[in-house]
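Any value given below was found using the heavy atoms of this structure, including those in side chains, with hydrogens, waters and symmetry copies removed. Quick caveat, the model's predicted, so the values are computed rather than measured. Each chain gets a letter, A, B and so on, in the order the sequences are listed, and its residues count up from 1.
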2 protein chains.
Amino acid sequence: MKKTKDDAELTKQAIVEAAKGLFSAKGYAATSMADICSAAGCSRGGLYHHFDSKEDLFIYLADQAFTVSWEQWGEVARDGMTATEQLYLYADYFVDTLQKPLNKAGEEFLSRIGPDSEAGQRFIGILQTYMQRFESLVRTGLERGEWKGDNPQELAMIILGYYSGLSDSIPMMDKADAKKLYRKATMLLLEGIKQ
Amino acid sequence: MKKTKDDAELTKQAIVEAAKGLFSAKGYAATSMADICSAAGCSRGGLYHHFDSKEDLFIYLADQAFTVSWEQWGEVARDGMTATEQLYLYADYFVDTLQKPLNKAGEEFLSRIGPDSEAGQRFIGILQTYMQRFESLVRTGLERGEWKGDNPQELAMIILGYYSGLSDSIPMMDKADAKKLYRKATMLLLEGIKQ
DNA sequence: ATTTAAACAGACCGATCAGTCGGTCTTAAA
DNA sequence: TTTAAGACCGACTGATCGGTCTGTTTAAAT
């Protein structure tokens with residue numbers, strides 16, 4: 001083999017990181033495979049050696065990003081924490097893993113390939129797993145009586161949309177400022193804005 | 001002239017409506033001029049008779065959608081209403097004008113053509129006008145002491161992101177259900193979820 | 001009736017894109 | 001040392017897209 005197995009894995013991860021940044025910044029359709037190759041420092045042939053297609057790459061990348069995000073969160077979140085504290089922590093990781101604009105690319109991806117295609121089904125599965133994880137966080141908050149409400153699924157959807165939409169106006173903020181904004185927004189949601 | 005001035009304007013509006021629906025549903029890049037022609041029932045030549053380019057069409061459409069949205073809101077909103085009532089009304093029109101997913105297409109559009117291009121500048125101008133209008137609504141709520149806070153710009157950004165993000169999970173809902181969700185989400189934001 | 005020009009239509013062009021394919025290089029096994 | 005295969009390269013292909021150009025139709029002006 002030209003390169004070691006490890007070298008190959010390194011190349012693969014370089015491609016994934018480059019693709020993640022570009023998809024997040026420019027969207028799915030607007031990011032070409034050539035763009036990704038330039039950013040990752042490999043050839044188009046090399047890229048297609050690691051991934052069968054653009055769809056394949058995106059799904060691989062999305063799966064990894066979402067999984068890693070919850071793993072990082074899970075390492076820090078403790079059972080002793082209140083659901084409110086866990087939510088603040090989630091907001092931080094939401095910013096950190098820049099999965100914020102990845103959601104956008106994901107929607108574009110889904111609408112482009114269709115929810116019924118095989119790739120669409122796989123992607124929806126990834127999203128659902130992610131959602132369920134968040135929903136269980138919300139359910140904890142409700143069951144413990146920390147939060148008001150009786151529909152964890154709806155509330156989870158609203159809060160996730162909240163965090164996702166928040167990222168719209170923040171493409172230029174640095175992470176520190178973004179985290180501040182997310183903390184403030186979380187506080188607003190918890191306390192309400194009514195006087 | 002082959003058709004009357006009125007007929008031409010009718011064709012133009014058909015194109016705009018078709019484009020609005022497609023851009024909202026599929027995004028900017030994923031919607032081709034041919035798609036729009038099919039939906040509008042005209043030829044590509046005819047489309048380019050009314051609009052110089054895809055960018056031109058999108059900006060025209062966005063301007064019209066955003067302007068019309070505030071006009072409709074303004075016709076119903078009365079000075080006697082509380083800011084809270086005005087916000088609920090805004091949520092309704094946000095759903096009605098389906099400008100929800102148009103925002104998404106707008107971001108994609110902006111990142112694709114760049115904020116420094118002439119079209120980008122024009123689009124940013126449209127967005128800013130829209131934002132300022134919303135910010136003045138928020139400022140009213142703060143000044144009247146209805147809502148807590150001292151930064152109307154930040155609060156406006158957060159609430160707009162809230163509404164925008166909410167539309168992610170709702171591509172299949174009908175308008176009645178969507179309005180219900182938006183009203184509930186507005187209530188959550190006002191009251192807070194903390195017990 | 002003739003002319004004029006707006007309102008279309010559709011063939012066409014160059015660019016770009018996702019994906020393919022044959023080939024080269026390097027490492028590890030035999 | 002030979003060989004086999006994984007890692008990688010880059011030219012090529014077919015399709016698609018935005019945009020142009022030439023031509024045709026028709027309502028209105030003369």
Side-chain angles (χ1 to χ4, degrees), chain A residues 1-16 18-19 22-23 26-61 105 108-114 117-120 123, chain B residues 1-19 22-23 25-61 105 108-114 117-120 123:
Chain A
M1 318 158 188
K2 180 176 191 175
K3 303 282 183 63
T4 293
K5 281 260 181 191
D6 289 350
D7 285 341
E9 190 58 34
L10 230 61
T11 303
K12 187 169 182 176
Q13 276 307 312
I15 293 171
V16 168
L22 287 169
F23 281 139
K26 311 203 313 173
Y28 180 76
T31 300
S32 72
M33 296 299 255
D35 287 340
I36 297 171
C37 291
S38 300
C42 73
S43 69
R44 293 170 39 64
L47 197 162
Y48 277 97
H49 173 71
H50 289 287
F51 299 98
D52 288 341
S53 66
K54 194 179 182 182
E55 294 178 9
D56 193 48
L57 169 58
F58 187 81
I59 288 180
Y60 180 92
L61 163 170
E108 189 196 343
F109 173 73
L110 198 56
S111 80
R112 179 168 261 262
I113 66 170
S117 65
E118 199 226 313
F123 185 70
Chain B
M1 316 157 190
K2 179 176 191 178
K3 302 282 184 63
T4 293
K5 281 261 179 191
D6 288 351
D7 283 344
E9 190 58 34
L10 230 61
T11 304
K12 186 169 182 176
Q13 276 308 312
I15 293 171
V16 168
E17 287 305 314
L22 287 169
F23 282 140
K26 312 203 311 173
Y28 181 75
T31 299
S32 73
M33 295 300 255
D35 288 340
I36 297 171
C37 290
S38 300
C42 73
S43 69
R44 291 170 39 65
L47 196 162
Y48 276 97
H49 174 70
H50 288 287
F51 299 96
D52 288 342
S53 66
K54 194 180 182 183
E55 294 179 8
D56 193 48
L57 168 60
F58 187 81
I59 288 180
Y60 180 92
L61 164 170
E108 188 195 344
F109 173 72
L110 198 57
S111 80
R112 177 167 263 262
I113 66 169
S117 66
E118 199 226 314
F123 185 70

From CA spacing to verdict: side-chain contact (heavy atoms from CB on, under 4.5 Å), B/Glu55, B/Phe123: CA-CA 10 Å; B/Glu55 294 179 8; B/Phe123 185 70; over 6 Å; no
Whole-Å gap separating P (C/dC8) and OH (B/Tyr48): 17 Å
A/Thr11 side-chain N/O to D/dC8 phosphate OP1/OP2 under 4.0 Å: yes
Whole-Å distance separating the CG atom of A/Leu47 from the P atom of D/dA7: 14 Å
Any A/His49 side-chain N or O less than 4.0 Å from OP1/OP2 of D/dC8: no
Test item: A/Tyr28 and B/Glu108 side chains (from C-beta on) under 4.5 Å apart, heavy atoms: no
Rounded distance (Å) that lies between atom P of C/dA6 and atom CD of B/Glu9: 16 Å
B/Asp56 CG - D/dT20 P separation (whole Å): 11 Å
Separation of atom CZ in B/Phe51 from atom P in C/dC8, rounded to whole Å: 12 Å
Modelled atom types, side-chain donor and acceptor of B/Asp35 and B/Ser32, under 3.5 Å: yes
Pairwise distance CD1(B/Ile15) to SG(B/Cys37) - rounded to 0.5 angstrom: 6.5 Å
Nearest to side-chain heavy atoms of A/Ser32, which nucleotide of D/dG18, D/dC8, C/dC17: C/dC17
Atom pair distance, as rounded to whole Å: CE in B/Met33 and P in C/dC13: 20 Å
Presence of A/His50 side-chain N/O under 4.0 Å of D/dG6 phosphate oxygens OP1/OP2: no
Length of the CZ-C1' vector between B/Arg44 and D/dG23, whole Å: 17 Å
Nearest-angstrom distance from the residue atom CZ of B/Phe58 to C1' of D/dG19: 19 Å
